[in-house]
Amino acid sequence: MKVVIVGGVAGGATAAARLRRLNEEAEIIILERTGYVSYANCGLPYYIGGTIQDKGALTLQTPESFRARFNIDVRVKNEVLSVQPEEHTVTVRRLEDGSEYTETYDKLILSPGAKAIRPPLPGIDLEGIFTLRTVEDTFRIRNFLERERPQSAVVVGGGFIGLEMAENLIHAGVRTTMIQLDDQVLLPLDKDLAGEVHAYLRGQGLDLRLSTAVTGFRRRGGKLETLIGEEAPVAADLVILAIGVAPESDLARRAGLTLGQKGAIVVDAHMRTSHPDIYAVGDAVELTHAVTGQKSLVALAGLANRQGRVAADHICGLTQGYAGAQGSSILKLFGMTAAATGLNERAAKAAGVAYDKAVTYSASHATYYPGAQNMSIKTLFDPATGRILGAQIVGFDGVDKRIDVMATAIRAGLTAQQLTELDLAYAPPYSSAKDPVNMAGYVIENLRSGLVEQHHWDQVAGLPDDGSVILLDVRTPDEVKQQGLLRPDAVHIPLDELRQRLGELDPAKKIYVNCFSGLRSYLACRILSQKGFRCSNLAGGWRFWSYAATDRIHDATPTHPCGIPTERGGCGK
């Protein structure tokens with residue numbers, strides 16, 4: 001059996017290694033257009049910024065190591081020009097000398113990846129404008145930084161690559177502006193949770209311009225100017241285009257293979273295309289979303305690796321299929337971590353999935369043990385069954401393990417009730433007796449059982465201001481002095497005084513309660529509800545509202561859930 005693999009990065013390299021482990025006699029050829037195979041695509045920005053010093057660390061394998069360990073023929077700088085499915089051949093060009101040849105195959109695996117989007121804007125090809133997708137791109141940018149010593153940069157696009165590049169440029173001492181067409185960065189998050197990220201990034205020195213369209217580029221006075229409509233252009237020494245990627249499916253299209261949304265290659269559960277002897281894996285393929293069952297595009301390295309394994313298994317007679325993707329992702333932003341899995345609100349609405357949401361604010365470990373830092377957790381769930389549909393987390397410590405638990409829960413179809421029952425490891429340096437994941441389950445179950453009603457940050461401004469309802473703030477006097485009230489007409493009664501001051505509240509009016517994080521206001525609602533008042537709790541509290549509805553700078557000082565720094569003891573609650 002002869003297998004030819006087009007593309008030797010995540011999916012292609014994994015498929016090749018798996019094929020060899022399953023079949024020692026197969027002839028395996030990898031054809032890679034660039035000069036590198038099996039490289040750490042996700043690590044490229046960190047080499048540019050200097051966090052990774054050794055360029056050799058970016059390549060996990062070389063053509064020589066593939067040959068020595070796996071007896072695989074790896075041909076770099078060999079570009080596949082066309083596929084002839086009926087003849088079972090590919091036409092290849094050797095990029096070093098331009099010569100062409102034909103290679104036969106029994107099975108073909110396409111792993112072409114995705115290409116960086118370069119829109120046809122005026123000046124897009126000016127020197128000093130870069131995209132980042134390959135190792136060669138990385139070396140070009142790093143060489144430019146070392147040669148030109150730029151003082152300023154513009155990053156166009158606020159996705160994973162754009163944000164990582166912005167962080168690394170700032171670490172390298174380059175004053176950086178980010179221009180994002182959408183009204184938020186990091187689209188796996190919902191806009192409300194992204195508000196905390198925006199505030200933190202600005203606090204780190206990033207000039208973040210949201211809802212701003214780039215209309216072109218020009219060179220003036222020795223600077224690259226990024227044009228943004230009627231606004232003044234942004235002058236800089238270099239520009240990084242990180243607008244997004246598109247499936248690299250031209251080869252499949254010309255071969256007559258079936259394509260799906262955005263031109264992605266249609267595959268079955270075994271990664272087979274519309275031709276039975278051609279498989280496709282990685283960023284170029286259309287996937288089934290594990291939560292909705294609908295078709296989607298998810299360009300993540302972990303998925304490409306799993307798909308490469310599935311394709312190799314099927315070629316070798318194993319029947320395991322690919323179970324779909326839920327888009328679990330995580331990103332380091334200076335000291336902050338942002339992560340998501342499953343559905344966010346935008347995706348749920350687009351898929352027509354009924355959902356409700358809960359916002360919690362939990363410490364990374366026991367607050368009495370030094371160094372605890374809180375994380376914001378937004379969890380989407382099915383209001384009818386309590387099944388967990390998605391989770392998003394922003395914080396500083398312990399985010400990674402909580403998002404992985406949530407990802408596992410979603411894949412297993414767990415409900416909020418089952419989240420409360422998870423037996424998770426606890427010791428004061430690592431967690432709390434009620435882990436943040438357990439707490440999300442408890443809050444959702446309180447909502448579903450009717451123990452508390454909630455309202456959200458975007459409903460605050462629309463609450464009547466004619467005296468027909470009461471806005472009640474139960475934070476401490478110090479908190480209110482430091483942070484202010486949601487609205488000037490809010491009534492302030494600290495939680496610990498509430499039972500004694502119930503007579504100040506009109507039982508005929510509905511009460512909308514808030515604290516800093518939503519915990520003490522929940523306790524207030526339980527008191528009020530049992531005393532005959534109608535009550536609603538502000539999800540996420542003043543803190544979440546302040547990031548979602550305003551544009552305040554993020555304070556990364558470790559805090560107790562009340563918002564008072566932990567070194568000052570918090571509020572004691």
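Residue numbers start at 1 and run along the sequence shown. Values below: every heavy atom of this structure, side chains too, minus hydrogens, waters and symmetry copies.
The shortest distance between side-chain heavy atoms of Pro233 and Leu227 falls below 4.5 Å. Using a 4.5 Å cut-off on side-chain heavy atoms (C-beta onward), Glu479 and Cys515 make no contact.
With sequence neighbours left out, Tyr368 forms a ring-ring contact (aromatic ring centres under 6.0 Å, His included) with no residue at all. Qualifying salt bridge (Lys or Arg N to Asp or Glu O under 4.0 Å) partners for Arg309, counting only residues two or more places apart in sequence or in other chains: none. With sequence neighbours excluded, no residue forms a ring-ring contact (aromatic ring centres under 6.0 Å, His included) with His289. Every residue meeting the side chain to side chain contact (heavy atoms under 4.5 Å, CB included) condition with Gln307, not counting sequence neighbours, appears here in chain and number order: Met271, Val281, Val285, Leu287, Leu303, Tyr322. For the side chain to side chain contact (heavy atoms under 4.5 Å, CB included) test, residues two or more places apart in sequence or in another chain that qualify with Thr341 are Gln326, Ser328, Ala391, Ile403, Met406, Ala407, Ile410. For Phe130, the ring-ring contact (aromatic ring centres under 6.0 Å, His included) partners at least two apart in sequence or on another chain are Phe144. Annotation: side chain to side chain contact (heavy atoms under 4.5 Å, CB included) contacts of Thr288 (sequence neighbours excluded): Lys295. Listed by chain and residue number, Ala213 satisfy the side chain to side chain contact (heavy atoms under 4.5 Å, CB included) test with Leu181 (two or more places apart in sequence, or in another chain). In this structure, the ring-ring contact (aromatic ring centres under 6.0 Å, His included) partners of Phe334, at least two apart in sequence or on a different chain, are His171.
With Arg402 contributing its side chain and Ser364 its backbone, the two residues share a donor-acceptor pair below 3.5 Å. No donor-acceptor pair under 3.5 Å is formed between the side chain of Gln373 and the backbone N or O of Gly395. In this structure, the side chain of Asn344 engages the main chain of Leu187 through a donor-acceptor pair within 3.5 Å. A distance-only check finds no donor-acceptor pair linking the side chain of Ser432 to the backbone of Pro428 [under 3.5 Å]. Formation of a donor-acceptor pair under 3.5 Å by the Arg133 side chain with backbone atoms of Ala114 is found in this model. Remark: the backbone N or O of Gly335 is paired with a side-chain donor or acceptor of Tyr200 at under 3.5 angstrom. Proximity of a side-chain donor or acceptor of Arg219 to a complementary backbone N or O of Glu127 within less than 3.5 Å is detected.
Applying the salt bridge (Lys or Arg N to Asp or Glu O under 4.0 Å) rule to pairs touching residues 181-191 yields Asp183-Lys191, Asp190-Lys378, sequence neighbours excluded. Sorted by first then second residue, the ring pair (Phe, Tyr, Trp, His ring centres under 6.0 Å) pairs that include residues 219-241, not counting sequence neighbours, number zero. Listed by first then second residue, pairs satisfying ring pair (Phe, Tyr, Trp, His ring centres under 6.0 Å) with a partner in residues 220-249 number zero, not counting sequence neighbours.
Salt bridge absent: Arg202 and Asp207 never bring a charged side-chain N and a carboxylate O closer than 4.0 Å. Note on Lys357 versus Glu345: salt bridge recorded, some NZ/NE/NH1/NH2 to OD/OE distance being below 4.0 Å. With salt bridges taken as basic N to acidic carboxylate O contacts below 4.0 Å, one links Asp137 and Arg140. Remark: Glu164 does not engage Lys332 in a salt bridge, criterion side-chain N to carboxylate O under 4.0 Å.
Between Leu163 atom CG and Met336 atom CE the span is 11.5 Å, to the nearest 0.5 Å. Atom CG of residue Leu169 and atom CD1 of residue Ile48 lie 7.5 Å apart, to the nearest 0.5 angstrom. The distance from the OG atom of Ser249 to the CD1 atom of Ile265 is 6.0 Å, given to the nearest 0.5 Å.
Within a 6.0 Å sphere centred on CZ of Phe139, other residues, nucleotides and ligands contribute more than 12 heavy atoms.
Classification of the His365-Tyr369 ring pair by plane angle, with boundaries at 30° and 60°, yields perpendicular.
Of the candidates Leu424, Val405, Ile377, Pro436 forms a side chain to side chain contact (heavy atoms under 4.5 Å, CB included) with just one, namely Ile377.
Counted by atom type alone, Trp545 and Asn514 present zero donor-acceptor pairs between their side chains at under 3.5 Å.
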